[in-house]
Protein chains: 2
Amino acid sequence: MTYNVQIKVMPLKELLDPQGKAVMGGLKNLGIHSVEDVRVGKHVTLQIEAASETEAKQIADETARRLLANAVMEFYEIEMIN
Amino acid sequence: MTYNVQIKVMPLKELLDPQGKAVMGGLKNLGIHSVEDVRVGKHVTLQIEAASETEAKQIADETARRLLANAVMEFYEIEMIN
(Lines give C-alpha, C1' and ligand atoms only; values in the text may rest on other atoms or scores of the structure.)
Protein backbone atom coordinates (compact mmCIF):
# COMPACT_ATOMS: atom_id res chain seq x y z
CA MET A 1 0.00 0.00 0.00
CA THR A 2 1.08 3.57 -0.58
CA TYR A 3 1.30 5.83 2.44
CA ASN A 4 1.55 9.60 2.43
CA VAL A 5 3.84 10.85 5.13
CA GLN A 6 4.91 14.37 5.97
CA ILE A 7 8.10 15.28 7.76
CA LYS A 8 8.68 18.67 9.34
CA VAL A 9 12.31 19.60 9.91
CA MET A 10 12.82 22.70 12.05
CA PRO A 11 15.83 24.47 13.58
CA LEU A 12 16.25 23.65 17.30
CA LYS A 13 14.58 26.19 19.57
CA GLU A 14 17.86 27.07 21.32
CA LEU A 15 19.54 28.04 18.05
CA LEU A 16 19.40 31.19 15.99
CA ASP A 17 17.38 30.91 12.80
CA PRO A 18 18.84 33.33 10.22
CA GLN A 19 16.14 32.55 7.65
CA GLY A 20 13.45 33.33 10.23
CA LYS A 21 15.22 36.57 11.12
CA ALA A 22 15.26 37.53 7.43
CA VAL A 23 11.51 36.92 7.17
CA MET A 24 11.00 39.10 10.29
CA GLY A 25 12.95 41.86 8.56
CA GLY A 26 10.88 41.48 5.41
CA LEU A 27 7.65 41.70 7.42
CA LYS A 28 8.77 44.95 9.06
CA ASN A 29 9.51 46.37 5.61
CA LEU A 30 6.00 45.40 4.48
CA GLY A 31 4.52 47.18 7.50
CA ILE A 32 3.36 43.97 9.20
CA HIS A 33 4.28 44.44 12.86
CA SER A 34 2.07 41.93 14.65
CA VAL A 35 4.26 38.91 13.92
CA GLU A 36 6.46 38.35 16.96
CA ASP A 37 8.49 35.35 15.96
CA VAL A 38 9.17 33.39 12.80
CA ARG A 39 10.99 30.12 12.38
CA VAL A 40 11.63 28.57 8.99
CA GLY A 41 12.27 24.91 8.35
CA LYS A 42 11.66 22.26 5.73
CA HIS A 43 8.45 20.49 4.90
CA VAL A 44 8.88 17.18 3.12
CA THR A 45 6.11 14.95 1.81
CA LEU A 46 6.90 11.34 0.99
CA GLN A 47 4.98 8.64 -0.84
CA ILE A 48 6.07 5.37 0.68
CA GLU A 49 5.24 1.88 -0.55
CA ALA A 50 5.02 -0.31 2.54
CA ALA A 51 3.17 -3.30 3.94
CA SER A 52 1.90 -1.45 7.00
CA GLU A 53 1.66 2.00 8.54
CA THR A 54 4.30 1.02 11.09
CA GLU A 55 6.72 0.07 8.31
CA ALA A 56 6.00 3.31 6.43
CA LYS A 57 6.65 5.32 9.58
CA GLN A 58 9.90 3.46 10.14
CA ILE A 59 11.08 4.24 6.60
CA ALA A 60 10.12 7.91 7.05
CA ASP A 61 12.05 8.01 10.32
CA GLU A 62 15.14 6.52 8.68
CA THR A 63 14.85 9.02 5.81
CA ALA A 64 14.60 11.95 8.22
CA ARG A 65 17.40 10.75 10.46
CA ARG A 66 19.91 9.77 7.77
CA LEU A 67 19.15 12.30 5.05
CA LEU A 68 16.87 15.21 5.90
CA ALA A 69 17.68 16.43 9.40
CA ASN A 70 20.99 17.44 10.90
CA ALA A 71 20.54 16.40 14.55
CA VAL A 72 23.05 19.01 15.74
CA MET A 73 20.90 21.87 14.52
CA GLU A 74 17.47 20.48 13.70
CA PHE A 75 14.66 18.31 15.03
CA TYR A 76 11.99 16.54 13.03
CA GLU A 77 8.40 15.41 13.41
CA ILE A 78 6.69 12.73 11.33
CA GLU A 79 2.98 12.69 10.59
CA MET A 80 0.98 10.13 8.63
CA ILE A 81 -1.52 11.80 6.28
CA ASN A 82 -3.81 8.93 5.23
CA MET B 1 -3.59 37.18 22.36
CA THR B 2 -0.73 35.27 20.80
CA TYR B 3 -1.59 32.74 18.11
CA ASN B 4 0.68 30.04 16.77
CA VAL B 5 0.24 29.57 13.07
CA GLN B 6 2.02 27.26 10.68
CA ILE B 7 2.38 27.83 6.98
CA LYS B 8 3.37 25.09 4.58
CA VAL B 9 4.79 26.30 1.25
CA MET B 10 5.17 23.57 -1.37
CA PRO B 11 6.13 23.47 -5.06
CA LEU B 12 3.08 23.18 -7.33
CA LYS B 13 2.26 19.59 -8.27
CA GLU B 14 2.65 20.27 -12.00
CA LEU B 15 6.21 21.52 -11.59
CA LEU B 16 9.50 19.70 -11.21
CA ASP B 17 10.95 19.75 -7.72
CA PRO B 18 14.75 19.55 -8.02
CA GLN B 19 15.24 19.40 -4.24
CA GLY B 20 12.83 16.48 -4.04
CA LYS B 21 14.66 14.75 -6.90
CA ALA B 22 17.94 15.21 -5.01
CA VAL B 23 16.43 13.58 -1.93
CA MET B 24 15.21 10.68 -4.09
CA GLY B 25 18.79 10.24 -5.36
CA GLY B 26 20.13 10.31 -1.81
CA LEU B 27 17.61 7.67 -0.73
CA LYS B 28 18.67 5.33 -3.55
CA ASN B 29 22.30 5.77 -2.45
CA LEU B 30 21.32 4.83 1.10
CA GLY B 31 19.57 1.70 -0.19
CA ILE B 32 16.07 2.94 0.65
CA HIS B 33 13.98 1.96 -2.38
CA SER B 34 10.42 2.05 -1.04
CA VAL B 35 10.02 5.81 -1.26
CA GLU B 36 8.25 6.54 -4.55
CA ASP B 37 8.00 10.30 -4.49
CA VAL B 38 9.44 13.17 -2.48
CA ARG B 39 8.53 16.82 -2.54
CA VAL B 40 10.37 19.41 -0.50
CA GLY B 41 8.98 22.75 0.57
CA LYS B 42 9.17 25.22 3.42
CA HIS B 43 7.59 24.97 6.82
CA VAL B 44 7.17 28.29 8.60
CA THR B 45 5.86 28.79 12.13
CA LEU B 46 4.68 32.25 13.15
CA GLN B 47 3.77 33.74 16.51
CA ILE B 48 1.17 36.37 15.81
CA GLU B 49 -0.22 38.92 18.24
CA ALA B 50 -3.84 39.50 17.23
CA ALA B 51 -7.26 40.25 18.67
CA SER B 52 -8.91 37.18 17.20
CA GLU B 53 -8.15 33.95 15.40
CA THR B 54 -9.65 35.41 12.22
CA GLU B 55 -7.27 38.38 12.39
CA ALA B 56 -4.29 36.10 13.04
CA LYS B 57 -5.21 33.96 10.05
CA GLN B 58 -5.54 37.06 7.91
CA ILE B 59 -2.06 38.26 8.91
CA ALA B 60 -0.63 34.80 8.21
CA ASP B 61 -2.29 34.80 4.80
CA GLU B 62 -0.83 38.21 3.96
CA THR B 63 2.61 37.04 5.13
CA ALA B 64 2.44 33.93 2.97
CA ARG B 65 1.12 35.74 -0.07
CA ARG B 66 3.42 38.76 -0.01
CA LEU B 67 6.60 37.26 1.40
CA LEU B 68 6.82 33.48 1.67
CA ALA B 69 5.25 31.93 -1.40
CA ASN B 70 5.90 32.60 -5.05
CA ALA B 71 2.47 31.98 -6.60
CA VAL B 72 3.97 31.07 -9.98
CA MET B 73 5.77 28.06 -8.53
CA GLU B 74 4.35 27.40 -5.09
CA PHE B 75 1.12 27.02 -3.14
CA TYR B 76 0.62 27.45 0.58
CA GLU B 77 -1.59 26.13 3.35
CA ILE B 78 -2.22 27.82 6.68
CA GLU B 79 -3.02 25.96 9.87
CA MET B 80 -3.76 27.39 13.32
CA ILE B 81 -1.98 25.41 16.04
CA ASN B 82 -3.68 26.59 19.25
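Chain A is the first sequence line, chain B the second, and so forth, proteins listed ahead of strands; every chain is numbered from 1.
No other option in B/L68, B/T2, B/V5, B/T63 has as many heavy-atom pairs under 4.5 Å with chain A as B/T63. Among A/D37, A/V44, A/N29, the residue with the largest count of heavy-atom pairs under 4.5 Å with chain B is A/D37. Counting heavy-atom pairs closer than 4.5 Å to chain A, the top residue among B/A50, B/G26, B/G41 is B/G41.
With a threshold of 4.5 angstrom between heavy atoms, B/Q6 approaches chain A through side-chain atoms but not through N, CA, C or O. In this structure, chain B has a heavy atom under 4.5 Å from the side chain of A/M10, while its backbone stays farther away. Heavy-atom distances place no part of B/I7 under 4.5 Å from chain A, backbone and side chain included. Residue B/L30 touches chain A through both its backbone and its side chain, counting heavy-atom pairs closer than 4.5 Å. Interface residue A/I32: only side-chain heavy atoms are found under 4.5 Å from chain B. Residue contact with chain A, scored on non-hydrogen atoms closer than 4.5 Å, involves the backbone and the side chain of B/L27 alike.
When atom types are taken as modelled, the side chain of B/Y3 and the backbone of B/A56 share no donor-acceptor pair closer than 3.5 angstrom. For B/E49 (side chain) and B/M1 (main-chain N/O), a donor-acceptor pair under 3.5 Å exists by modelled atom type. Checking side-chain atoms of A/N4 against main-chain N and O of A/T45 turns up no donor-acceptor pair under 3.5 Å. Panel note: side chain A/E62, backbone A/Q58; no donor-acceptor pair is recorded below 3.5 Å. A donor-acceptor distance shorter than 3.5 angstrom exists from the side chain of B/R39 to the backbone of B/L12, with no hydrogens or angles considered.
Between B/E74 and B/K42 the shortest side-chain heavy-atom distance falls below 4.5 Å.
Checking each of A/E77, A/E79, A/H43 against A/K8 for a side-chain hydrogen bond (donor to acceptor under 3.5 Å, both in side chains) leaves exactly one that passes, namely A/E77.
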